[in-house]
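Chain letters run A, B, ... following the sequence lines, proteins first and then strands; every chain starts at 1. When reading the values below, keep in mind they use all heavy atoms of this one structure, side chains included, and skip hydrogens, waters and symmetry mates.
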Amino acid sequence: MGMTMTQKILAAHAGLERVEAGQLILVDLDRVLGNDITSPVAIREFEKIGATSVYDKDKVTMVMDHFAPNKDIKAAEQCKMCRSFCEKHEVTHFYDVGRMGIEHALLPEKGLVVCGDVVIGADSHTCTYGALGAFSTGVGSTDMACGMATGKAWFKVPGAIRFNLTGKLNPHVSGKDVILHIIGLIGVDGALYRSMEFTGEGVSALSIYDRLTISNMAIEAGAKNGIFPVDEQTLAYVAEHSDRKPVVYTADADAEYDATYEIDLSKIKSTVAFPHLPENTHTVDEIDDIKIDQVVIGSCTNGHYKDLEEAANILKGKKIASHVRAIIIPATQDIYLKAIENGLVKIFIEAGCVVSTPTCGPCLGGHMGILAAGERAVATTNRNFVGRMGHVTSEVYLASPAVAAASAIAGKIADPAKV
Amino acid sequence: MKFTGTVIKYGDNVDTDVIIPARHLNTIDVKELASHCMEDIDKDFHSKIKAGDIMVAGLNFGCGSSREHAPIAIKASGISLVIAKSFARIFYRNAINIGLAILECPEAAERIENGHEVEADLDAGVITDLTTGAKFKTSPFPPFIQNMITNGGLVASIQKGDFC
């Protein structure tokens, strides 16, 4: 029996000819990532281990993105702790305010992940890099600490669920709608402990940014990782952003999957996940009037330039509803600059939105757009749990940038095809 | 390893945002984290928990963020063991890595009720509901993980030269 794409990458990094689902292995890491929330705990554990240096100063990466620019004194102390650690250990890839972006948009952009890599990150959305044909997964701070010290992590080899994609997306429908549709189909634990492997001729019809959004939310179905095969688009993206040589792994023809879902991209409609789970999905055409107070467009899921462009195309020359606050957050400095140069920021401001420096801020209820009791937001973020963006009685509706922009104008959840 | 305690029970998909809301992640102080544990779905949690109490939950416990602050807050609250129908994978490995005892046992998690007294014998793989007398069998951890639990977590395993 053959191996899945994920299993091939893991076997190669464990120095093994082959692995099978359920096997416990020790894997060499190409990158170890943390942010300003998870790294302080990792630094404390790293010091407990008694390690005197990090395993590779070019492979350890820290990004100050969650509560940065520092939201309060405690957040400032946490960033300071990370900064001091990275100075002490001469960590090459330390990204502070001014150079940072939201980590999972920043790492691909900086060329820090290429096809075939194994990456762990003390952030659950580390699974994003599966879009580039890498194995990447979220872990905790202790795994990060041990990864920084030893360059290794333990894994149970996952089985896989295959999503065979056909067709192509309709206008105003994007990667976010695809992944929300899939989570609605299989549930928030539908891929628990397993890989989500995307295959089929439909893959080539998805942009790299759609794929990044899809892989990003694999964790919301409980998956260990969400991975795409490498094609010409992937290789072109990696060549544009990195000097490192990609290593291409492909699933064996006789790889075993626990289940296969056929997904016709042309049938997917704009989709919204209602509170308080990403699996509570409805297509936008079946939603009655749901009045909203806030819109957030950004995050590691949907803060790419393409996402801002989709929102700007809808907001151009329009005004958002007078009772709505719309917050637009480019995911990185490069995206922010491009949005200024190409006039997107002007469109947003003229429509009545605010545009922020990169930060995870409101997505996790940190800062920059917290909700009051009973308020509702449409957000292009990734989670809509109780209290996620603020008060425990506030509500988050997850959607694509197009739906979010259309909803900002309408003042209620709206179909981008009808605004 | 054996645990005995009173059960506090929750439902399915208890996520890390309710275990420890992100607004409190500007600290790594374990006592402060514990004081906010579960507050968004159970505001009296911190005051009513006694050391040794056992948490029982449904499917996909600990889903969401990778924040290790979640198992840290539960452990620092005094909870000795979490029994669930299933665990989200990052929470599962974080709990093992930091030495918070967990057991996956759908039948026990279904039938044990809030307030029951429970005994769990990890070595024998048996959970006993002392209130009803019902016994539930759990699958043992693989030796690699059992060894890490015995060592006291991942950091202790590395310190002992027992990792790589």
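- Of the two parts of I28(B), the backbone and the side chain both hold a non-hydrogen atom closer than 4.5 Å to a non-hydrogen atom of chain A.
- When each of G222(A), G365(A), C146(A), G387(A) is scored by its heavy-atom pairs under 4.5 Å with chain B, the top score falls to C146(A).
- Salt-bridge check for D258(A) with R194(A): passed, with a basic side-chain N closer than 4.0 Å to an acidic carboxylate O.
- Contact count versus chain B (heavy atoms, under 4.5 Å) is highest, among S141(A), A75(A), G50(A), P40(A), for S141(A).
- For L24(A), the part lying under 4.5 angstrom from a heavy atom of chain B is the side chain only.
- Taking chain B as the reference chain and counting heavy-atom pairs below 4.5 Å, the highest number among D36(A), I73(A), V392(A), N70(A) is found for V392(A).
- V41(A) touches chain B through backbone and side chain together, each having a heavy atom under 4.5 Å away.
- Using a distance-only test at 3.5 Å, with no hydrogens or angles considered, no donor-acceptor pair links the side chain of T6(B) to the main chain of D53(B).
- R23(B) and D40(B) are joined by a salt bridge, as a carboxylate oxygen and a charged side-chain nitrogen come within less than 4.0 angstrom of each other.
- Taking chain B as the reference chain and counting heavy-atom pairs below 4.5 Å, the highest number among V386(A), V188(A), I219(A) is found for V188(A).
- Contacts of M81(A) with chain B are made by side-chain atoms alone, with heavy-atom separations under 4.5 Å and no backbone atom involved.
- Of the listed residues (N97(B), T16(B), I41(B), N94(B)), the greatest number of heavy-atom pairs within a distance under 4.5 Å of chain A belongs to N97(B).
- Side-chain atoms of E119(B) never come within 3.5 Å of backbone atoms of L130(B) as a donor-acceptor pair (strictly under, hydrogens ignored).
- Ion pairing between K2(B) and D123(B) fails under the 4.0 Å rule for side-chain N and carboxylate O.
- Only the side chain of K71(A) comes within contact range of chain B, with at least one heavy atom under 4.5 Å from a heavy atom of that chain.
- For the pair R383(A) and D15(B), the salt-bridge criterion is not met [side-chain N within less than 4.0 Å of a carboxylate O].
- Ranked by heavy-atom pairs under 4.5 Å with chain A, the first of A22(B), P142(B), G64(B) is G64(B).
- Comparing N382(A), T137(A), T38(A) by heavy-atom pairs within less than 4.5 Å of chain B, the highest count is held by T137(A).
- For the set E39(B), E32(B), R67(B), the entry with the most heavy-atom pairs within less than 4.5 Å of chain A is E32(B).
- Contact of L192(A) with chain B is made through the side chain alone, with heavy-atom distances under 4.5 Å.
- Environment of CD in E47(A): crowded, with over 12 heavy atoms of neighbouring residues, nucleotides or ligands closer than 6.0 Å.
- Interatomic distance, CD of Q146(B) versus CG of N151(B), reported as 10.5 Å (0.5 Å rounding).
- Residue contact with chain B, scored on non-hydrogen atoms closer than 4.5 Å, involves the side chain of D72(A) exclusively.
- The number of heavy-atom neighbours closer than 6.0 Å to NZ of K43(B), taken from other residues, nucleotides and ligands shown, is 12 or below.
- Contacts of I37(A) with chain B are made by both backbone and side-chain atoms, with heavy-atom separations under 4.5 Å.
- E77(A) and K74(A) are not joined by a salt bridge, as no carboxylate oxygen comes within less than 4.0 angstrom of a charged side-chain nitrogen.
- No part of A51(A) comes within reach of chain B, as not one of its non-hydrogen atoms sits under 4.5 angstrom from that chain.
- S299(A) and H125(A) share no donor-acceptor pair across their side chains, judged by distance under 3.5 Å alone.
- Heavy-atom pairs under 4.5 Å with chain B were tallied for T126(A), I370(A), D123(A); the largest tally goes to D123(A).
- With a threshold of 4.5 angstrom between heavy atoms, Q78(A) approaches chain B through side-chain atoms but not through N, CA, C or O.
- With salt bridges taken as basic N to acidic carboxylate O contacts below 4.0 Å, one links D143(A) and R93(B).
- Within the 4.5 angstrom heavy-atom criterion, no atom of F91(B) approaches chain A.
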